[in-house]
S.K.: 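My questions all concern the structure below.
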Amino acid sequence: MDLINIDKIKNIKRTKSSITFNDTLHDYSFSLSKSTLNKRFLTEDTLSEFPVAILKNPLQDLKKCLKDSDLAFSSKSNITQTIYLPLYGKNFTVFDKSGLNQWNAKGRKRDFSEVYIPIPIAIHKRYPNFFPARDEQFNLKLPSGNMMLSKVCQDGNKALMSYSNKELGRWILRDVLKLNEGELLSYQRLDFLQNSFSTNLKSTVKIN
């Protein structure tokens with residue numbers, strides 16, 4: 001593994017999403033959205049080669065392995081209904097003064113952790129009985145197993161908030177998204193985390 005020869009960097013090319021360059025030895029590409037540096041590896045001279053058999057039906061083979069190992073394999077689930085709340089709006093927009101940036105709204109002085117998760121009207125139309133009535137408290141179970149006292153509020157029941165308005169913000173802005181106080185959330189930040197964890201960044205809520 002060679003270190004990048006900074007003094008020999010050349011052929012720098014920039015696009016909206018990346019910066020490519022080389023240092024006479026290797027080619028590199030830096031992803032602006034992921035903040036990730038990639039290096040091209042050439043495999044012309046391989047140390048060893050061997051064939052790999054591809055399973056025709058991997059799911060059936062996996063099921064057989066689980067059965068032979070006396071492990072439970074069931075399609076049953078205790079979850080009766082699941083919804084996903086988007087953390088951004090139309091055209092991949094995270095609004096500067098609402099939602100997860102509610103703390104930045106004008107008017108009264110707000111805590112840096114004051115946020116709410118928007119609930120699209122389409123959710124209420126498709127699942128009218130999923131959430132409790134407006135301002136009715138319920139327990140929101142976090143991935144850590146902790147419970148957060150929460151409520152649905154605002155006109156049209158469009159906002160999911162914690163009863164202590166700072167608690168939800170501390171969890172999602174500080175613990176999950178790793179934002180500093182006063183740092184606006186952007187779609188680029190969500191996109192970076194989505195690619196980092198290879199998952200869609202969405203908020204799953206379990207209500208007890």
Side-chain angles (χ1 to χ4, degrees), residues 1-55 58-59 83-107 109-120 122 142-144 159-160 166-205:
M1 296 290 291
D2 302 303
L3 297 176
I4 298 177
N5 190 335
I6 298 178
D7 295 330
K8 297 291 185 179
I9 288 179
K10 61 179 183 178
N11 299 325
I12 301 174
K13 297 180 181 179
R14 176 165 184 160
T15 66
K16 291 183 178 180
S17 60
S18 66
I19 300 174
T20 60
F21 62 91
N22 58 56
D23 64 352
T24 70
L25 290 178
H26 303 288
D27 296 324
Y28 298 91
S29 175
F30 180 76
S31 172
L32 297 174
S33 61
K34 303 176 186 177
S35 295
T36 304
L37 180 65
N38 301 300
K39 174 182 175 180
R40 185 192 304 276
F41 288 90
L42 301 178
T43 56
E44 296 175 351
D45 299 323
T46 57
L47 297 176
S48 177
E49 293 185 10
F50 55 89
V52 177
I54 299 177
L55 300 175
L59 293 180
I83 67 167
Y84 296 93
L85 299 180
L87 302 184
Y88 54 85
K90 294 181 179 179
N91 301 319
F92 306 103
T93 301
V94 179
F95 297 104
D96 290 347
K97 302 183 184 299
S98 62
L100 296 185
N101 288 321
Q102 172 72 5
W103 57 268
N104 191 44
K106 294 181 178 180
K109 185 177 180 180
R110 302 174 187 269
D111 188 272
F112 283 117
S113 295
E114 185 176 336
V115 303
Y116 67 87
I117 298 178
I119 306 175
L142 304 180
S144 64
L160 171 63
K166 308 170 188 177
E167 191 176 2
L168 180 60
R170 288 180 184 138
W171 172 64
I172 197 167
L173 295 183
R174 311 290 172 251
D175 298 343
V176 178
L177 299 176
K178 306 298 183 184
L179 295 175
N180 298 317
E181 288 191 353
E183 182 179 358
L184 284 171
L185 175 65
S186 65
Y187 177 77
Q188 287 72 25
R189 181 69 174 178
L190 295 177
D191 186 52
F192 165 72
L193 290 174
Q194 173 181 308
N195 287 286
S196 296
F197 298 114
S198 299
T199 184
N200 291 325
L201 187 65
K202 298 173 180 177
S203 177
T204 303
V205 296

S.K.: Are any non-hydrogen side-chain atoms of Ile119 and Ile83 less than 4.5 angstrom apart?
M.R.: no
S.K.: Taking side chain to side chain contact (heavy atoms under 4.5 Å, CB included) as the test, write out the residues that go with Asn11, two or more places apart.
M.R.: Asn22
S.K.: Kindly give the heavy-atom pair with the smallest separation between Arg174 and Asn180, and that separation in Å.
M.R.: NH1-O, 3.6 Å
S.K.: Roughly how far apart are Lys109 NZ and Glu114 CD, rounded to 0.5 Å?
M.R.: 12.5 Å
S.K.: Taking CZ in Arg14 as the centre, count heavy atoms belonging to other residues, nucleotides or ligands within less than 6.0 Å. Is the count above 12?
M.R.: no
S.K.: Under the side-chain contact (heavy atoms from CB on, under 4.5 Å) criterion, do Asn38 and Phe30 qualify, and how do the steps go?
M.R.: CA-CA 6 Å; Asn38 301 300; Phe30 180 76; over 6 Å; no
S.K.: Report, as yes or no, whether the 6.0 Å neighbourhood of atom CG on Leu55 holds more than 12 heavy atoms from other residues, nucleotides or ligands.
M.R.: yes
S.K.: State, with a plain yes or no, whether a side-chain heavy atom of Ser186 is found less than 4.5 Å away from one of Val94.
M.R.: no
S.K.: Can you find a pair of side-chain heavy atoms, one from Thr93 and one from Tyr88, that are under 4.5 Å apart?
M.R.: no
S.K.: Does a sphere of radius 6.0 Å around CG in Leu25 hold more than 12 heavy atoms from other residues, nucleotides or ligands, not counting ones at 6.0 Å or beyond?
M.R.: yes
S.K.: Is there side-chain contact between Lys10 and Thr24, with heavy atoms separated by less than 4.5 Å?
M.R.: yes
S.K.: Go through the steps for Ser113 and Arg170 under the test side-chain contact (heavy atoms from CB on, under 4.5 Å), then give the verdict.
M.R.: CA-CA 6 Å; Ser113 295; Arg170 288 180 184 138; 3.5 Å; yes
S.K.: With sequence neighbours left out, what residues match Phe112 under ring pair (Phe, Tyr, Trp, His ring centres under 6.0 Å)?
M.R.: Trp103
S.K.: Just jot down the side chain to side chain contact (heavy atoms under 4.5 Å, CB included) partners of Ile12, sequence neighbours excluded, or say none.
M.R.: Ile9, Ile19, Phe21
S.K.: Can you tell me how far CG of Leu179 sits from CZ of Arg189, rounded to the nearest 0.5 angstrom?
M.R.: 5.5 Å
S.K.: Would you say Thr36's side chain and Lys34's backbone share a donor-acceptor pair under 3.5 angstrom?
M.R.: yes
S.K.: If you measure from NE2 on His26 to CG on Asn5, what distance do you get to the nearest 0.5 Å?
M.R.: 10.5 Å
S.K.: Can any side-chain N or O of Asn101 pair as donor or acceptor with the backbone N or O of Phe95 at less than 3.5 Å?
M.R.: yes
S.K.: Trp171 and Pro143: which non-hydrogen atoms are nearest, and at how many Å?
M.R.: CZ2-CD, 3.6 Å
S.K.: Taking all heavy atoms of Leu32 and all of Lys16, pick out the closest pair and write down the distance.
M.R.: CD1-O, 3.6 Å
S.K.: Can you measure from CZ (Arg40) to OG (Ser29) and round to the nearest 0.5 angstrom?
M.R.: 9.0 Å
S.K.: Are Leu160 and Leu85 packed together at the side-chain level, in the sense that at least one heavy-atom pair is separated by less than 4.5 angstrom?
M.R.: yes
S.K.: Is there side-chain contact between Tyr84 and Pro86, with heavy atoms separated by less than 4.5 Å?
M.R.: no
S.K.: Identify the heavy atoms of Tyr116 and Ser98 that sit nearest to each other, and give their distance.
M.R.: OH-CB, 3.4 Å
S.K.: Roughly how far, to the nearest 0.5 Å, is CD of Glu183 from CG of Asn104?
M.R.: 12.0 Å
S.K.: Could you give the distance from CG (Asp23) to CD1 (Ile6), rounded to the nearest 0.5 Å?
M.R.: 9.5 Å
S.K.: How close do Gln102 and Val115 get, counting heavy atoms only, and between which atoms?
M.R.: CB-CA, 3.9 Å
